[in-house]
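No hydrogens, no waters, no symmetry mates; every other heavy atom, side chains included, goes into these values. Every number for a ligand or one of its atoms is a count from 1 in the order of the listing. Note that the structure is a prediction, hence the values are computed from the model and not measured.
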Amino acid sequence: MSESTLPPEPTVANREAIQSRTAHIDHPSLGVVLVCMDPTGLLAAAMGWNFVSRLRPAVASALREKFGEHPIVWEGPCDHLVLVFFDVDKADPETVERDLAERLSRQVDVDGRSFFIPTYLGIAIASEVSTACDAIDLVRASGAAVHQAILSSATSVRATADSIELLQQEVAATTELAKAIGSDFSLHYQPIVDLSTRQRVGFESLLRWQVGDELRLPADFLDAAETTSLIVPIGRWGLTAALGQLAQWQRKSGDTTLFMSVNFSARQLVDRGLVQHVADAIATSGVPAATVWVEVTERNLIETGSPAAQTLLELDALGCTICVDDLGTGFAALRYMVEQPVQVVKIDRSLVSKVGIVEPLRSVVGAVCALSASLGILTVAEGVESEDQVDKLRDLGFTHAQGFLFGKPAPATEFEF
Ligand code: C2E
Ligand code: CA
Ligand code: CA
């Protein structure tokens, strides 16, 4: 069948239409671009759903105007357009990508008014994905690519041979993660010592995930937990478990100043129910609020007035001890130590390991300790591994330390009181 005798295009893409329209094409030269419009729902929220239903035809017609008959532009599901190219070979994609991006960066007329429409592109080219794939496979691969584009805030992403498989693994991993909450997660605890006495004065709780015989570390699952927001229920479970353990240790030792430092990620801090959950966990466990250390990385302190900063103020008002984790790895802005309710800073292992050896690092860390002391802020050196680091850290003014030298993270049963 020649192109001119083909039936007219349906406006909305469907499997049959795409298959019949591409059946005669030599697969290696096929390419599909999926255009995702208004990914955050900005226009839908600002202009209403009726307006959004007009987006697909409007952008489709702008693209047809620019590109003519080729590619075929179909309206896809939700706020997507499906563009099928017949002759994309390895040399061509950059031009296609550039031309599309150029047109989409300009305004589009919708119902007689001009709008800029935020878009992301997922591009799947047969020769780059798999020469054995057909147009339907490419539509799926372009979907995987557009997902990556949105996640990484890149205007466009090109699908690779394993794009779909990687997403399938992600789906499987997150399902596994969701199933594990409440059963296969556990906490390890690492002692924190007072450097002047070398006495254990508290612990940091660290998440572990048991999968069969393997004990997984946060590096293996924290990213997935954060991007899927599963960190919220996981973190709630972790906080309740850690405070339950702290209450038990405080009772056993009779020391109600023993503290538990708990990590909170950015995603947890914007969870509106977090403060109430912390308040409930403190009430249930009966530990003094000040013995609950809330660890946040300095990245989360950045915006005064942001929802995360507001959560910190509320946790401070509850009486918790606010602690800046990994100081020296992000935007070390002293302003935040002064403006926000910070009572503890933890200096990252990457700096601690060089302190005493490398100048001007030594002076900078010394200055941070001095500033902290003048503000009444405690300073914890993280990742202390050797005895000869201890004197240097004390000389610099660190008040506390944590690291393999004083104890590796271990299950609660390994600690005696
Ligand atoms: P972090 O908060 O900086 O925790 C310290 C990490 O350094 C831990 O790794 C700990 O095992 C390791 N470490 C402690 N002392 C030493 C040392 O002397 N030498 C060396 N080489 N490493 C040491 P881990 O347990 O793998 O945790 C990694 C990160 O995962 C943590 O970094 C924290 O950011 C995050 N994380 C852990 N538990 C939780 C949690 O319950 N919630 C959240 N949101 N994040 C968590
Ligand atoms: Ca930490
Ligand atoms: Ca840390």
- Query: Would Gln268 and Ser265 count as a side-chain hydrogen bond (donor to acceptor under 3.5 Å, both in side chains) if you check the C-alpha gap in whole Å, the side-chain angles of each, and the deciding distance to 0.1 Å?
  - Reply: CA-CA 5 Å; Gln268 292 172 271; Ser265 67; 3.3 Å; yes
- Hey, can you tell me if Phe259 and Trp293 have their rings parallel, tilted or perpendicular (30° and 60° cut-offs)? parallel
Give a yes or no on whether [atom] lies under 4.0 Å from any heavy atom of the protein.
{"atom": "atom 21 (N) of ligand 1", "answer": "yes"}
{"atom": "atom 46 (C) of ligand 1", "answer": "yes"}
{"atom": "atom 9 (O) of ligand 1", "answer": "no"}
{"atom": "atom 16 (C) of ligand 1", "answer": "yes"}
{"atom": "atom 32 (O) of ligand 1", "answer": "no"}

Just to check, does [X] reach to within less than 4.0 Å of ligand 1 when the distance is taken from its heavy atoms?
{"X": "Gln268", "result": "yes"}
{"X": "Lys346", "result": "no"}
{"X": "Pro409", "result": "yes"}

- Task: Apply the side-chain hydrogen bond (donor to acceptor under 3.5 Å, both in side chains) test between Glu204 and each candidate in Gln190, Lys346, His188; give the one that qualifies.
- Result: Lys346
Answer with side chain, backbone, both or neither: which part of [X] has a heavy atom less than 4.0 angstrom from an atom of ligand 1?
{"X": "Gln190", "answer": "side chain"}
{"X": "Gln402", "answer": "neither"}
{"X": "Asp348", "answer": "neither"}
{"X": "Leu187", "answer": "neither"}
{"X": "Arg267", "answer": "neither"}
{"X": "Arg349", "answer": "side chain"}

Test your reading of the model: is there a side-chain donor-acceptor pair from [X] to the backbone of [Y], 3.5 Å cut-off?
{"X": "Thr379", "Y": "Thr399", "answer": "yes"}
{"X": "Asp38", "Y": "Leu43", "answer": "yes"}
{"X": "Arg216", "Y": "Val211", "answer": "no"}
{"X": "Gln343", "Y": "Ile322", "answer": "yes"}
{"X": "Arg56", "Y": "Gly76", "answer": "yes"}
{"X": "Arg394", "Y": "Leu195", "answer": "yes"}
{"X": "Gln389", "Y": "Ser386", "answer": "yes"}
{"X": "Thr284", "Y": "Ala281", "answer": "no"}

Geometric N/O contact [X] with ligand 1, under 3.5 angstrom:
{"X": "Leu222", "value": "no"}
{"X": "Leu207", "value": "yes"}
{"X": "Glu226", "value": "no"}

- Task: State the atoms of ligand 1, each with its element, that fall below the 4.0 Å cut-off from a heavy-atom position in Ser265.
- Result: 44 (N)
- Message: Keeping to distances under 3.0 Å, can you name the protein N/O/S atoms close to the Ca ion (ligand 2)?
- Response: Glu204 OE2, Asn263 OD1, Glu295 OE1, Asp325 OD2
- Query: Are Gln148 and Ser163 close enough that a side-chain donor and a side-chain acceptor fall under 3.5 Å?
  - Reply: no
